[in-house]
4 protein chains.
Amino acid sequence: MSDQEPAPAPPVAPARPHPDATRRSDRSRRAIYAAALALVSEVGYPRTTIEGIAARAGVGKQTIYRWWSSKADVLLEAFLDLGEQAARAAGQDPAAQAIPDTGDLAADLRAVLRATVDELCDPRFEAPSRALAAEGLVDEQLGREFVAKLLDPSLQLYVDRLRAAQDAGQIRPDVDPRIALELFVSPLAQRWLQRTAPLSHAYTDTLVEYALYGLVPR
Amino acid sequence: MSDQEPAPAPPVAPARPHPDATRRSDRSRRAIYAAALALVSEVGYPRTTIEGIAARAGVGKQTIYRWWSSKADVLLEAFLDLGEQAARAAGQDPAAQAIPDTGDLAADLRAVLRATVDELCDPRFEAPSRALAAEGLVDEQLGREFVAKLLDPSLQLYVDRLRAAQDAGQIRPDVDPRIALELFVSPLAQRWLQRTAPLSHAYTDTLVEYALYGLVPR
Amino acid sequence: MSDQEPAPAPPVAPARPHPDATRRSDRSRRAIYAAALALVSEVGYPRTTIEGIAARAGVGKQTIYRWWSSKADVLLEAFLDLGEQAARAAGQDPAAQAIPDTGDLAADLRAVLRATVDELCDPRFEAPSRALAAEGLVDEQLGREFVAKLLDPSLQLYVDRLRAAQDAGQIRPDVDPRIALELFVSPLAQRWLQRTAPLSHAYTDTLVEYALYGLVPR
Amino acid sequence: MSDQEPAPAPPVAPARPHPDATRRSDRSRRAIYAAALALVSEVGYPRTTIEGIAARAGVGKQTIYRWWSSKADVLLEAFLDLGEQAARAAGQDPAAQAIPDTGDLAADLRAVLRATVDELCDPRFEAPSRALAAEGLVDEQLGREFVAKLLDPSLQLYVDRLRAAQDAGQIRPDVDPRIALELFVSPLAQRWLQRTAPLSHAYTDTLVEYALYGLVPR
DNA sequence: ATTTAAGCGAGACGGTACGTCTAGTCTTTTG
DNA sequence: CAAAAGACTAGACGTACCGTCTCGCTTAAAT
């Protein structure tokens, strides 16, 4: 029996075990993040290339291929890093963002959705997040990462706020907050992503009203 | 206003006025549609290439470039054509699909959303529509075409049904149907597109219930 | 009869059947020859790259890969073409070069070897022919082509001249001309190729004398 | 003191003064020789890489770059070492190889050339010596080293033997041995290097005969 | 006996070129 | 004159090595 097959691979070994991460160049990592975000903003995602990122970052291509599996993967990490840095710059604790709870659920939701509308129109975020969302639609693996790292954490904030409202008797106790939040978040997401209709503060206010009080006459 | 396009382009003339359409080969057009849909299903959108479509369709590349502006454009037309053929095969009039009106709005919405869930899981439709949606997120021109030709017509059906319900006093008269429909359509769209959570008939039933009657206690 | 099986390959079929040669761009072919020869002269063979040739010739890389199998192959054809053009420019018939026959064999050989020495020192020829010879030492396939197309034709001229001398009784009738010619040609070749010792007209004169009359006393 | 300017270099100091040779690892040196020779034999010279040699030898790349200037340089030393070891294994004194002198010059030359033919066909020697010769054609510095360390010592043996023959009156006193030896050595070298024709004992016998007694009738 | 300080295995780094693939254009031939 | 065929320029892909540059680790000489 032959014994020279290269593959069998011990069960736990990862397919492409990251090389020695302790020797990784932080300088290069940052430069790559910056280059990726800049290029996506300037020339758009499809015309952003790995070669272009490497050249702009002053980095060898292999340094990108060594640490990331695809252009989208680079951009995802760059975007996450951007978010962390922004959070660190603004608030102190990058993990302590919550929807405010003034006791007035409707007002709180209106405020956070208005802020979301403003953020979605910020050109710094638009190009990369659109590109990542698009790539995630088609590339399931990336999509799941995108959802897990970017989308779910945001949605969880709504779950928390709605639970609090439930505890205060402001939301029907039988309502599933994970579904309920979609009533105002998903329409906004779809309008922005697919440009099915324009965004505005009035629009999100309306969404909150409809969602909280329903469409049928009381 | 943009000012950096390289090609001067005569003021009003379209960049590439379609050549004489009367002499167009129908055989080639159909072969291209079939090849495009087949390739997207088989190898996925990113690995579907113009060259591949041409080769599979037994067609010169130029024949594709002559009549379409991009890979996405080919796929969009192919998909529209597929929809028309399916409609022609099923119902009679491809333009006469409406949401049934049994008088029970909740039941009608539940039914149509359940059918939509089933359709979204049909693998024949999944690959191309996902690909088109993704491309549309990033390519604004294509996105608008996608929305105008595929999405808006479907949404209009909901507008019509909700208007009828409004006339019957089943929906508050001050509700904007174009916004209202998003309460149950957008969540479904987002779960499917971004895989944020699984789809099921129970889920869409819940959406209808929340949207119609609101989240707060009555 | 079927002809699309990928593997077995009928005896005569070339491994990589050249694409339709009738559509080949002559302009590109010439530009590639010129670029290859220029680069080898300017930067040397090892630093001459396919990319460099393509860039200099204003040609896509694929056009090189389409018609040649390697850098050495390009250079070999370019060099052959150069030789043909030079011959066409000088004499009329590119195939009618012969060693002169004045009746004095020794004088004729001295003359042609002196001319060879001069040619070997011509820097236009030195770089490419050295490079081809070197590549041919290691790449057997190329080496055989090099010998067949460049070396053998030249050697055949010596065979012809020596045969004539044999007919005139100036060379022993039992001598094999194909071996005899090596007595003066190979030493010259080795000194030039391997730089084992300097070249000069006196040296080649000496070679002719030793070879014709032997080393032992008469 | 700055140390990173690339160019000026103190007048006499060698560009890369060998590091402390007393601390050199003999184990690594030997492993590198073995790996280089093995790889050249197995995959050929062009596909032999410094990285490959280092990996095979279980050595860091820098250890190679520290002691040698190029792949060819490694191979040259490895080959010289191989020769020395072979000589040490066979005869006792690696420097005392001489062409035998039985008094019969023709017979002695025939014998040594026959042995040379056999050695040239030994696959252990063929790949590396061919590769070194090829590299030396193009890289003048390496070529001169190759000639000085490998070729010239061998040729000197012929010079010595021919001088002895001259002293014995078997060779014309006006003959230059350094040129005379090329009459039989160079043809053999060319046939082997450039594969212009097959090698055989009969062939070298003929060369000796022609060279000693000349081509013209006596 | 400890402290240098070099060579060492290892491998990440900025790069260059590879050979392949596809884009989109252009040209030639066929129906 | 549309279409099939396919050669063309252009350039990104992902890989392989280059030669340089740290990292810790041994290991021998100089303290």
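Throughout, a chain's letter reflects where its sequence line sits, starting with A, and its residues are numbered from 1.
Put simply, OH on A/Tyr65 is 17 Å from C1' on E/dC13, counting in whole angstrom units. When the P atom of E/dG19 is taken as reference, atom CG of C/Asp73 falls 12 Å away, rounded to whole Å. Whole-Å rounding puts the D/Arg56 CZ to E/dG9 P distance at 16 Å. Atom pair C/Arg47:CZ and F/dC18:C1' shows a separation of 14 Å (rounding to whole Å applied). Atom P of nucleotide F/dA2 and atom CZ of B/Arg29 are separated by 17 Å, given to the nearest angstrom. Whole-Å rounding puts the A/Ile32 CD1 to E/dC13 C1' distance at 11 Å. The CZ-P distance, from C/Arg27 to E/dT27, rounds to 12 Å in whole Å.
The side chain to side chain contact (heavy atoms under 4.5 Å, CB included) test applied to D/Val138 returns C/Pro46, C/Ala134, not counting sequence neighbours. For D/Glu77, the side chain to side chain contact (heavy atoms under 4.5 Å, CB included) partners two or more places apart in sequence, or in a different chain, are D/Tyr33, D/Trp68. The ring pair (Phe, Tyr, Trp, His ring centres under 6.0 Å) check on B/Tyr45 picks up nothing, with sequence neighbours excluded. Among residues two or more places apart in sequence or in another chain, the salt bridge (charged side-chain N to carboxylate O under 4.0 Å, His left out) test is passed with B/Arg30 by B/Asp26.
Put simply, the side chain of B/Lys71 gets close to the backbone of B/Thr48: a donor and an acceptor are under 3.5 Å apart.
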Where protein sits on nucleotides 5-12 of chain F, one letter per nucleotide: B base, S sugar-phosphate only, - none, heavy atoms under 4.0 Å: BSBBBB-B
Acceptor/donor pairs from residues 55-62 of chain B side chains to any protein atom, 3.5 angstrom cut, sequence neighbours excluded:
from	atom 1	to	atom 2	distance (Å)
B/Arg56	NH1	B/Glu42	OE1	3.0
B/Arg56	NH2	B/Glu42	OE2	2.8
B/Lys61	NZ	B/Glu51	OE2	2.9

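With the nearest nucleotide of DNA chain F identified for both A/Lys71 and D/Lys71, A/Lys71 has the one nearer the 5' end.
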